[in-house]
Amino acid sequence: MSRAAKIWFLTFLLFSVNLLAQQARIDSVRNQIPLLKGKEKVDALNSLTRGLMYATPDEAMDLANQAIHLSESISYDEGKVMSYINQGVILNGKSLYQEAEEVLVKAKGISETLNFHRGMAYANLSLVTLSMRRNDYARALELSFSGIEAAKKIKNADLEVSNLINIGSIKQSLKDYADAEKFLLDARKLVDSSAGIAEIRQGQINGSLGILSAVKKDYGSALIYFEEALNVFETQNSKTQSANVLLNMGYSYAQLGDFSNANNYYDQAEVIWIELKNERSLAIILKNRGEMMISAGEFELAISFLQQALKKEKFLDDIVLSEVYSLLSKANESLPNHERALVYYRKYISLKDSIAIRASEKNIARMTQHFEFQKLEADKEMQLQQIEIENLKIAKSKQLTLVIAVVLLMITFWALWNRNKLKTKLLIKEKDRLIAHQKIALQQHQFETEKEGLVAYAKGLLSSNKTLEKKALELEEKLDLDQNSNSDLDDLVEKMHFAVNGEKDWAAFVIYFEAVYPQFFSLIESDKQVRLTNSEQRLLALLKINLSNKEIAVLLNISSDSVIRAKYRLKQKLGFVETKELLGFLSDLV
């Protein structure tokens, strides 16, 4: 037997022994569960759930449900928390992000009530993954640092390493590559210096370092890291993480122009994602294949892959979806198929604009916070000035008393001189106060001007919608009478109706409205303890600027009766009996 063959045999033997040992542990727990009762049985069910969640997620979900029911019957809240967290991880693996967040938030809430640090730490860790999927990096960082503190409180180095890995990934997404590498190396150092850390963490660290190298376009180093990570994940039988690494290896080979190896690794990843029913990851593989085929000049094949990815649109976030549209535009342009290319390019631009609007809203929120901070600083400065004036008065009074004791004439002279000086200072302060008052009045005037502009904008939308809808109806009536109408005119009518209902004007209106009333919706939700839908927010905004039922109906393209019903439901939701109570409440919000 050759030396290479011996090495391969030993590696395979170790891998097989590890898998057998892991399976033996799972079988051991499974056999013990019928013999256990109470809290011990809940803990065993949760342990078995964690062992099976990546290999057989459906069976793991069933075990988690059993653990929850048993926990509730014996009032074991800590066990129920860990079951909820296990369910969150399983749902996240299936790309069911909303359901995952609901159970994880529930787990975190119970943990905070119980002061259960272990539950808070693991719930935070899983919520970080969800926040990263949604590109909410600020929340992900906050949760990660909070998770590190919780991990230290329960002295869990493994959990601390997991949070450090997440912070490295977040920093990389924010293009802070130096910090990303620092946190990943800190994680590796903690793994090397601590006992009891799961072996899988080395794979996660190497996987993250590989992604970081790929971002820097150092695909050779990236493939080395990915290979080391894959060995760990396969040894641990972690299918989800193995598939992620295979996907990244395929992408790296594609960037190097080695399409044969790229397809090989994409195929391996695809097999696992199909088994795990992860539609989002399958769509990303299709997108990557499409991008690779564009590089290879196979534009028809690229379009086929990308259109298959679009069929899984509901599983994709806006950023990935915009990439698919951009690639479809590029592939069609290269054929050339300019008309189709233009359609996809418009979708790409529309989605890109939507992402930019959300970023703009965040900027407005930050600007509002900055303005409030400046106002607090100004109030503090005014208080200090007032204290300074009072101290000055006291100091001058003492000087006058001392001068009186020396000589009456000098006292009179100094008294007059100090009085004039004090008057001058007070006059200056008074002028400063008047200037400050004028600035406040000017800001109020600007605010009122912005309010008038908002109402004018809404009225403009109203007029535009009325005119466009009227013209659309007139044209539609003519088409009904004209038997020779063509499809282009039908399309025009359809587009005119669509323009009336278009979201673009609403997006502009929302930005304008929140610039005038930046905390309007948050004040309502915090005061009334409710969660408003988009439709309810729209209706409240239009009521705030005093539009009539008829005007609101035209803007929303619904009937006046529908507006009345919507107002009645909204009034009930906010706890008001009379409409005038609702309008009075909205009027008081600024």
Side-chain angles (χ1 to χ4, degrees), residues 54 88-89 92-93 95 97 100-101 104 121-151 156-191 197-219 221-230 232-233 236 238 240-252 255 269 278 280-281 284 288 316-320 323:
Y54 296 115
V89 175
N92 186 26
S95 300
Y97 305 127
E101 182 162 17
L104 290 171
Y122 280 101
N124 266 346
L125 185 66
S126 298
L127 284 168
V128 168
T129 305
L130 285 172
S131 298
M132 290 171 67
R133 293 272 180 142
R134 294 173 174 170
N135 304 313
D136 189 352
Y137 300 120
R139 183 177 183 230
L141 278 175
E142 180 184 349
L143 288 169
S144 295
F145 283 113
S146 174
I148 288 175
E149 293 303 314
N156 189 325
D158 181 69
L159 199 54
E160 192 176 345
V161 168
S162 295
N163 280 290
L164 286 169
I165 294 170
N166 282 338
I167 293 172
S169 298
I170 296 165
K171 291 287 185 180
Q172 175 207 305
S173 298
L174 295 171
K175 299 183 180 180
D176 187 353
Y177 302 134
D179 256 11
E181 187 172 20
K182 173 184 174 298
F183 280 105
L184 291 172
L185 294 177
D186 285 347
R188 173 177 281 180
K189 189 183 300 182
L190 188 56
V191 169
I197 294 179
E199 294 178 22
I200 204 166
R201 302 295 172 240
Q202 280 288 10
Q204 291 168 346
I205 293 170
N206 281 324
S208 297
L209 287 169
I211 293 171
L212 187 58
S213 296
V215 168
K216 294 177 180 179
K217 302 189 184 303
D218 184 1
Y219 299 111
S221 298
L223 285 167
I224 294 172
Y225 281 125
F226 289 144
E227 192 68 47
E228 293 175 358
L230 185 60
V232 174
F233 294 145
Q236 297 295 314
S238 177
T240 299
Q241 299 192 81
S242 295
N244 278 325
V245 172
L246 289 166
L247 175 62
N248 286 321
M249 292 179 77
Y251 180 80
S252 297
Q255 296 304 306
N278 190 318
R280 179 182 184 275
S281 297
I284 290 174
N288 287 359
L316 299 178
D317 56 58
D318 286 349
I319 293 177
V320 176
E323 291 175 2

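For reference, positions follow the sequence shown, starting with 1.
Here the side chains of Q204 and F233 are in contact, with some heavy-atom distance below 4.5 Å. Within the 4.5 Å cutoff, the side chain of L141 has heavy atoms near those of the F145 side chain. No side-chain heavy atom of E227 sits under 4.5 Å from any side-chain heavy atom of Y225. In this structure, Q236 and E199 have side chains that are in contact, with non-hydrogen atoms separated by less than 4.5 Å. For the pair L143/N166, no side-chain contact is recorded, criterion being any heavy-atom separation below 4.5 Å from C-beta on. Put simply, the side chain of Q241 does not reach to within 4.5 Å of the side chain of V232, judged on heavy atoms. Residues S126 and N92 are not in side-chain contact: their nearest non-hydrogen atoms beyond the backbone lie 4.5 Å or more apart. In this structure, the side chains of I211 and F226 come closer than 4.5 Å at one or more pairs of heavy atoms.
Expressed to the nearest 0.5 Å, how far OG of S238 lies from CD1 of I200 amounts to 4.0 Å. To the nearest 0.5 Å, the span separating CZ on R201 from CD1 on I165 amounts to 6.5 Å. For the atom pair CD1 of I170 and CD of E142, the computed distance is 11.0 Å after rounding to the nearest 0.5 Å. Between atom CD1 of residue I148 and atom CG of residue L164 there is a gap of 4.5 Å, rounded to the nearest 0.5 Å. A distance of 11.0 Å separates OG of S252 from NZ of K217, quoted to the nearest 0.5 Å. A distance of 9.0 Å separates OG of S169 from CG of L212, quoted to the nearest 0.5 Å.
Within the 3.5 Å criterion, the main-chain N or O of L127 finds a donor-acceptor partner in the side chain of S131.
Ion pairing of R188 with E228 is absent here, as no side-chain N (NZ or NE/NH1/NH2) approaches a carboxylate O to less than 4.0 Å.
Among L190, L185, V191, the one residue that satisfies the side-chain contact (heavy atoms from CB on, under 4.5 Å) test with I205 is V191. Residue D179 is tested with K175, E181, K182 for a side-chain contact (heavy atoms from CB on, under 4.5 Å); the sole match is K182.
Summarising the geometry of S162 relative to L125, their closest heavy-atom pair is CB-CD1, 3.7 Å, with the distance given to 0.1 Å. Contact between S208 and L184 at its shortest, heavy atoms only, is CB-CD2, 3.5 Å.
Within a 6.0 Å sphere centred on NZ of K189, heavy atoms belonging to other residues, nucleotides or ligands number 12 at most.
D317 and Y97 share no donor-acceptor pair across their side chains, judged by distance under 3.5 Å alone.
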